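The basis for the numbers below is simple: all heavy atoms, side chains too, and nothing from hydrogens, waters or symmetry mates. Chain letters run A, B, ... following the sequence lines, proteins first, then strands; residues in each count from 1. All of these numbers come straight from a predicted model, not from anything done at the bench.
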There are 2 protein chains.
Amino acid sequence: MKEDKVKTFENILRKHHLKVTLPRLKVLENIFNKDTATSQPELEKSIGKDIDRVTLYRVLNIFEEKGIIHKIFDLHGTATYALCSPQCTTHQHHDEHVHFSCSICNSIYCLQEIKLPEISTPPGFSINQVAISAIGICNKCKSLKAASIS
Amino acid sequence: MKEDKVKTFENILRKHHLKVTLPRLKVLENIFNKDTATSQPELEKSIGKDIDRVTLYRVLNIFEEKGIIHKIFDLHGTATYALCSPQCTTHQHHDEHVHFSCSICNSIYCLQEIKLPEISTPPGFSINQVAISAIGICNKCKSLKAASIS
DNA sequence: TTAAGTGCAAAATCTTTGCAAATGT
DNA sequence: ACATTTGCAAAGATTTTGCACTTAA
């Protein structure tokens, strides 16, 4: 693990009053290294058995509670995790970006750059947060498809 | 069960080449009678043990395959089901309405009346479907809250 | 030093599968 | 009659809990 990255991860942990431990650094590293949201099974595979499965669950849960990562369900209902934006806090998440789910590879991308539309609120309801999921084919699967045709 | 409703449910089943059986009618009735999307455990409770849990799972799965119901995940990742719009087919769902999740009672409402916003597609991706979830407080929980204050 | 975090075993859930019996057309 | 559907038992998968040991601060 690169030294500067370790420092960054350590700072994230300290900011949330969490002790700096190997499992937590490993989880942060592995989530950070992917450009798509990662599920518990994927993390288990990529981290290897350096850390216990139960610990992995516990780390993911506490990271979500603290607002370090946010949970997104993929098309099959499996929980996946991605880093939160810096303004997330323990009690309020601010991850109101579009989540793109690829129907071929099942990957989830957090598309920060797309601006969110306004949703009109029906009478009697109040809306605190809007979650937008776009479902389609991601850029990687599209190029694979194009390659297989040509 | 009312006679005319039974006829409607029977027609739905026949339209999809499914045999008319008691478990299937019960599931249709119970989903139809709720104004919010219903989870497997809720259905199990409301149907009672007239039908087996495994049958319930199987009925829900085949209904979803056939496009009779659609699956929505609630805030805790539990699958919930609601009736599809009539233009849904086996291979293509057309349920692009807003799903409202109440953060108090965890209910999910299909808000057919809200018009969907346009989402701009990032380069390299293609979007087939957009799912919008609004998270907030539903009308029932709002009035409960108001009542408890006054 | 000590509160927080980890690992292991075991339990609790949730969902699917195999197969014989029952049922709809 | 016969393919489909159901119910039961059992397996598989996923997630949580309890508790003793370890470790960061």
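Each of R14(B) and Y57(B) lies near DNA chain C, and the nucleotide nearest Y57(B) is the one positioned closer to the 5' end.
Contact check for I119(A) versus I127(A): side-chain heavy atoms found under the 4.5 Å cut-off.
A straight line from CG of D74(A) to P of dT14(D) spans 12 Å, rounded to a whole angstrom. Distance, E44(A) CD to dT15(D) P: 10 Å, rounded to whole Å. With rounding to whole Å, R53(A) atom CZ is found 16 Å from dT17(D) atom C1'. For the pair N61(A) CG and dT15(D) P, the computed distance is 10 Å after rounding to whole Å. Put simply, CD on E64(A) is 12 Å from P on dT15(D), counting in whole angstrom units.
When hydrophobic residues (I, L, V, M, F, W, Y) are linked wherever their side-chain heavy atoms come within less than 4.5 Å, L144(A) remains an isolated member. Cluster partners of I104(A), using a side-chain heavy-atom cutoff of under 4.5 Å among ILVMFWY residues and allowing indirect links, are I137(A).
From one end of the helix from dT1(C)-dA25(D) to dT25(C)-dA1(D) to the other, with five pairs defining each end axis, the axis direction shifts by 40° (rounded to 10°).
Contacts of F32(B) classified as ring pair (Phe, Tyr, Trp, His ring centres under 6.0 Å), with partners at least two apart in sequence or in another chain: F9(B). The salt bridge (charged side-chain N to carboxylate O under 4.0 Å, His left out) test applied to R14(B) returns E10(B), not counting sequence neighbours. Take Y109(A) and apply the ring pair (Phe, Tyr, Trp, His ring centres under 6.0 Å) test, not counting sequence neighbours, and it matches F125(B). Applying the side-chain contact (heavy atoms from CB on, under 4.5 Å) rule to R58(A) yields the partners V54(A); only residues at least two apart in sequence or on another chain are considered. Not counting sequence neighbours, the partners of K19(A) by the side-chain contact (heavy atoms from CB on, under 4.5 Å) test are T21(A), R24(A). For T78(B), the side-chain contact (heavy atoms from CB on, under 4.5 Å) partners two or more places apart in sequence, or in a different chain, are S39(B), D74(B), H76(B). For S101(B), the side-chain contact (heavy atoms from CB on, under 4.5 Å) partners two or more places apart in sequence, or in a different chain, are L75(B), I108(B), I135(B).
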Short N/O separations, protein against nucleotides 1-6 of chain D, under 3.5 angstrom:
residue: dA3(D); atom: N3; partner: K19(B); partner atom: NZ; Å: 3.4
residue: dT4(D); atom: O4'; partner: K19(B); partner atom: NZ; Å: 3.1
residue: dT5(D); atom: OP1; partner: R24(B); partner atom: NH1; Å: 2.8
residue: dT5(D); atom: OP1; partner: R24(B); partner atom: NH2; Å: 3.2
residue: dT5(D); atom: O5'; partner: R24(B); partner atom: NH2; Å: 3.1
residue: dT6(D); atom: OP1; partner: T21(B); partner atom: OG1; Å: 2.8

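Protein chain B contacts DNA chain C over a range whose 5' and 3' limits, counting nucleotides with an atom under 4.0 angstrom from a non-hydrogen atom, are dC14(C) to dT25(C).
Residue-level contact check: V20(B) touches the backbone only, with heavy atoms under 4.0 Å from sugar-phosphate atoms and none from bases.
Closest approach of L111(B) and P122(A) over heavy atoms only: CD1-CG, 3.7 Å.
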